[in-house]
S.K.: 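Before I ask anything, let me first share the structure, which is written out below as structure tokens.
These numbers were taken from a predicted model, which means no experiment stands behind them.
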Amino acid sequence: MYAVIGAGPMGLATARNLQKLNIPFVGFELHSDVGGLWDIDNPHSTMYETAHLISSKQMTEFKAYPMRDSVACYPHHSELRQYFQDFADQFDLKSRYEFSTRVISASPEGDGWRVISECNGAHQSRLFDGVLIANGTLHKPNMPTLPGEFAGQLMHSSEYRNPSVFKDKRVLIVGCGNSGADIAVDAVHHAKSVDISLRRGYYFLPKFIKGRPIDTLGGKLKLPRQAKQRMDAAMIRMIIGKPSDYGLPDPDYRMYESHPVVNSLVLHHLGHGDIKPRRDISGIKGHTVSFSDGESSDYDLILMATGYLLDYPFIDRKHLNWPATQHAP
């Protein structure tokens with residue numbers, strides 16, 4: 001008997017594979033339903049109302065359970081939630097899960113693992129042959145210390161739900177991963193002004209090329225990693241140019257050595273002046289933010305799109321292959 005922690009996409013995939021192999025398991029899920037962060041009603045989700053998948057449905061769906069034809073190429077989070085709920089129903093996975101249940105601890109004991117769980121205040125202790133951890137990486141915000149005290153509103157992207165928070169405000173987005181880029185585009189339509197501060201460069205990819213999702217192109221010819229990196233980077237430069245063409249720093253690493261930003265609109269708004277690029281923050285005093293290039297500006301709201309820290313509070317770090325400085329993008 002095995003324990004599966006989490007009922008998001010990875011937890012469900014794990015559960016389905018154990019089921020197919022007739023390996024008995026018990027699933028544990030903190031929320032009352034499946035879907036993980038894709039269920040915006042999950043109080044532990046960091047989803048925002050305008051979020052869509054950044055990989056295409058063709059490259060994301062379970063092969064044994066394709067998404068409906070009516071689902072968009074890049075589905076809205078509500079479509080993903082429904083898909084994972086339908087998947088769990090199709091294979092009767094929910095019956096294997098204990099919902100609204102928190103795993104308190106998982107520790108080795110003899111040849112197995114002792115798992116202590118809690119539901120409605122009652123604790124239960126069980127011994128399993130093994131534990132499969134699938135509780136996700138996008139839960140605990142990475143909130144860097146800023147160089148000074150900001151007098152306006154400070155929030156992390158994990159708190160962001162609706163673009164109305166930006167209405168008539170001077171907004172600074174810090175970081176430009178996929179969430180940061182999405183949120184910056186949201187802010188354009190509501191804020192008085194939108195700036196975005198980057199300390200490093202990113203590769204930006206359009207969502208579509210010739211009408212097809214970018215991640216569905218290629219693949220027929222297998223190339224060595226370095227050759228593919230060079231070829232894809234050259235193709236992207238030819239199509240959309242370099243980040244520095246839009247006032248952003250160019251990446252100092254090769255394509256795919258860090259997750260690219262899949263966003264067709266952030267460069268559009270940078271090119272139209274709707275979003276102003278800024279360098280790394282060097283100081284903050286009141287509402288005034290200074291940048292490493294000597295420029296400064298005043299803001300009402302700073303949103304930190306600075307990623308997440310890996311967080312597995314139920315297991316001792318020594319049992320995991322987990323570098324001390326590693327964090328989720």
S.K.: Cut-off 3.5 Å, side chains only: do D215 and S56 have a donor facing an acceptor?
M.R.: yes
S.K.: Just how far is it from atom CG of L146 to atom CD1 of I284, taken to the nearest 0.5 Å?
M.R.: 4.0 Å
S.K.: Inspect the contact between K192 and D300 and indicate whether a charged nitrogen and a carboxylate oxygen are less than 4.0 angstrom apart.
M.R.: no
S.K.: Has D293 got more than 12 heavy atoms of other residues, nucleotides or ligands less than 6.0 Å from its CG?
M.R.: yes
S.K.: Once rounded to the nearest 0.5 Å, what's the spacing between atom CD of E295 and atom OG of S282?
M.R.: 11.0 Å
S.K.: Got N178 and H259 here, is their nearest side-chain heavy-atom distance under 4.5 Å?
M.R.: yes
S.K.: Applying side chain to side chain donor-acceptor pair (under 3.5 Å) to S55 and T60, what does each step give before you reach the verdict?
M.R.: CA-CA 7 Å; S55 57; T60 305; 2.6 Å; yes
S.K.: Looking just at side-chain N and O atoms, do D182 and N263 make a donor-acceptor pair shorter than 3.5 Å?
M.R.: yes
S.K.: Stepwise, does the side chain to side chain contact (heavy atoms under 4.5 Å, CB included) test hold for V289 with L172?
M.R.: CA-CA 9 Å; V289 178; L172 176 65; 4.1 Å; yes
S.K.: For residues A3 and F28, report the shortest heavy-atom separation together with the two atoms involved.
M.R.: CB-CE1, 3.8 Å
S.K.: For R102, is the CZ atom crowded, meaning more than 12 foreign heavy atoms sit under 6.0 Å from it?
M.R.: no
S.K.: Are any side-chain N or O atoms of S296 and backbone N or O atoms of S290, one a donor and one an acceptor, separated by less than 3.5 Å?
M.R.: no
S.K.: Is D195 paired with R278 through a side-chain N to carboxylate O contact shorter than 4.0 Å?
M.R.: yes
S.K.: Taking the side chain from R212 and the backbone from T216, do they hold a donor-acceptor pair closer than 3.5 Å?
M.R.: yes
S.K.: Mind checking whether S157 and L303 have side chains closer than 4.5 Å, heavy atoms only?
M.R.: yes
S.K.: For the residue pair W113 and H319, is the inter-centroid distance of their aromatic rings smaller than 6.0 Å?
M.R.: yes
S.K.: Roughly how far, to the nearest 0.5 Å, is CG of L205 from OH of Y256?
M.R.: 6.5 Å
S.K.: Side chains of I133 and F314: closer than 4.5 Å at any heavy-atom pair?
M.R.: yes
S.K.: Do Y308 and H156 have ring centres separated by under 6.0 Å?
M.R.: yes
S.K.: Output the distance between atom NZ (K140) and atom OG (S158), rounded to the nearest 0.5 Å.
M.R.: 12.0 Å
S.K.: Which heavy-atom pair separates I196 from G175 by the least distance, and what is that distance?
M.R.: CD1-O, 3.8 Å
S.K.: Just wondering, are more than 12 heavy atoms of other shown residues or ligands nearer than 6.0 Å to CE in M143?
M.R.: yes
S.K.: Within the structure provided, determine whether I302 and V174 are in side-chain contact (heavy-atom separation under 4.5 Å).
M.R.: yes
S.K.: Measure across S125 and R114 and return the closest heavy-atom pair with its distance rounded to 0.1 Å.
M.R.: OG-CD, 2.9 Å
S.K.: Do the non-hydrogen side-chain atoms of F204 and C176 ever get within less than 4.5 Å of each other?
M.R.: yes
S.K.: Give me the atom names and distance for the closest heavy-atom approach of Y312 to L320.
M.R.: CD1-CD1, 3.9 Å
S.K.: Can you confirm if the aromatic rings of Y74 and F208 lie within a centre distance of less than 6.0 Å?
M.R.: yes
S.K.: Between atom NE2 of H287 and atom CZ of F150, what is the distance when rounded to the nearest 0.5 Å?
M.R.: 6.5 Å
S.K.: Decide whether Q85 and D33 meet the rule of one side-chain donor and one side-chain acceptor closer than 3.5 Å.
M.R.: yes
S.K.: Assess whether side chain to side chain contact (heavy atoms under 4.5 Å, CB included) is satisfied between D41 and R81, documenting all intermediate values.
M.R.: CA-CA 10 Å; D41 295 325; R81 175 175 65 177; 2.8 Å; yes
S.K.: Is it true that a side-chain atom of D245 and a backbone atom of G241 form a donor plus acceptor pair closer than 3.5 Å?
M.R.: no
S.K.: Following the transitive rule for hydrophobic clusters with a side-chain heavy-atom cut-off under 4.5 Å over Ile, Leu, Val, Met, Phe, Trp and Tyr, establish whether I236 and L265 coincide in one cluster.
M.R.: yes
S.K.: Taking I183 as the starting point, is it possible to reach Y299 by hopping between hydrophobic residues whose side chains are less than 4.5 Å apart?
M.R.: no
S.K.: Take F128 and V26, measure what side chain to side chain contact (heavy atoms under 4.5 Å, CB included) needs, and give me the verdict at the end.
M.R.: CA-CA 9 Å; F128 292 92; V26 174; 4.0 Å; yes
S.K.: So Y83 and F62, would you call those rings parallel, tilted or perpendicular, with 30° and 60° as cut-offs?
M.R.: parallel
S.K.: Going through the checks in order, is the side chain to side chain contact (heavy atoms under 4.5 Å, CB included) test met by L267 and L248?
M.R.: CA-CA 10 Å; L267 297 182; L248 302 175; 4.1 Å; yes
S.K.: Looking at side-chain heavy atoms only, is the closest gap between D274 and V194 below 4.5 Å?
M.R.: no
S.K.: Quick check: do P277 and L270 have side-chain heavy atoms less than 4.5 Å from each other?
M.R.: yes
S.K.: Test side chain to side chain donor-acceptor pair (under 3.5 Å) on Y203 and D232 and set out the steps.
M.R.: CA-CA 11 Å; Y203 285 97; D232 287 2; over 6 Å; no
S.K.: For the hydrophobic clusters of this structure (ILVMFWY residues joined by side-chain heavy atoms under 4.5 Å, transitively), does one cluster hold both Y2 and I116?
M.R.: no
S.K.: Could you tell me whether a side-chain N or O of E79 sits under 3.5 Å from a main-chain N or O of H76, the two making a donor and an acceptor?
M.R.: yes
S.K.: Do D39 side-chain atoms and G36 backbone N/O form a donor-acceptor pair below 3.5 Å?
M.R.: no
S.K.: Side chains of Q90 and D86: do they bring a donor and an acceptor to under 3.5 Å?
M.R.: no
S.K.: Write down the atom of K169, the atom of A191, and the distance for their closest heavy-atom approach.
M.R.: O-CB, 3.3 Å
S.K.: Are L80 and M67 side-chain neighbours, meaning at least one heavy-atom pair lies under 4.5 Å?
M.R.: yes
S.K.: Regarding S117 and R126, is there a side-chain donor-to-acceptor distance under 3.5 Å anywhere?
M.R.: yes
S.K.: Is the closest side-chain donor-acceptor distance between T288 and D298 under 3.5 Å?
M.R.: yes
S.K.: Using every non-hydrogen atom in the two residues, find where D92 and Q19 come nearest and quote the distance to one decimal.
M.R.: O-NE2, 4.2 Å
S.K.: Is there a donor-acceptor contact under 3.5 Å from the side chain of E29 to the main chain of A7?
M.R.: yes
S.K.: When rounded to the nearest 0.5 angstrom, what is the spacing between CG in N135 and CG in L310?
M.R.: 10.0 Å
S.K.: Between Y48 and L154, is there shared hydrophobic-cluster membership here, with clusters defined by ILVMFWY side-chain heavy atoms closer than 4.5 Å?
M.R.: no
S.K.: For S292 and D280, does a side-chain donor sit closer than 3.5 Å to a side-chain acceptor?
M.R.: no
S.K.: Taking P66's backbone N and O only, do any of them form a donor-acceptor pair with K57's side chain (distance below 3.5 Å, no angle check)?
M.R.: no
S.K.: Taking the six-membered ring of F99 as reference, does the cationic atom of K94 (NZ for Lys, CZ for Arg) lie under 6.0 Å from its centre and within 45° of its axis?
M.R.: no
S.K.: Would you please say whether a donor-acceptor pair under 3.5 Å links the side chains of T50 and D186?
M.R.: yes
S.K.: Kindly say whether S244 contributes a backbone atom to a donor-acceptor pair with the side chain of D250 at under 3.5 angstrom?
M.R.: yes
S.K.: Under 6.0 Å from the CE atom of M155, do we count more than 12 heavy atoms belonging to anything else shown?
M.R.: yes
S.K.: Could you state whether L138 and L30 fall into the same hydrophobic cluster, counting links through intermediate Ile, Leu, Val, Met, Phe, Trp or Tyr residues with side-chain heavy atoms under 4.5 angstrom apart?
M.R.: no
S.K.: Does the structure place the NZ or CZ of R279 under 6.0 Å from the centre of the six-membered ring of F291, at an angle of no more than 45° from the ring's axis?
M.R.: no
S.K.: State whether the side chain of E118 and the backbone N or O of G121 hold a donor-acceptor pair below 3.5 Å, judged by distance alone.
M.R.: yes
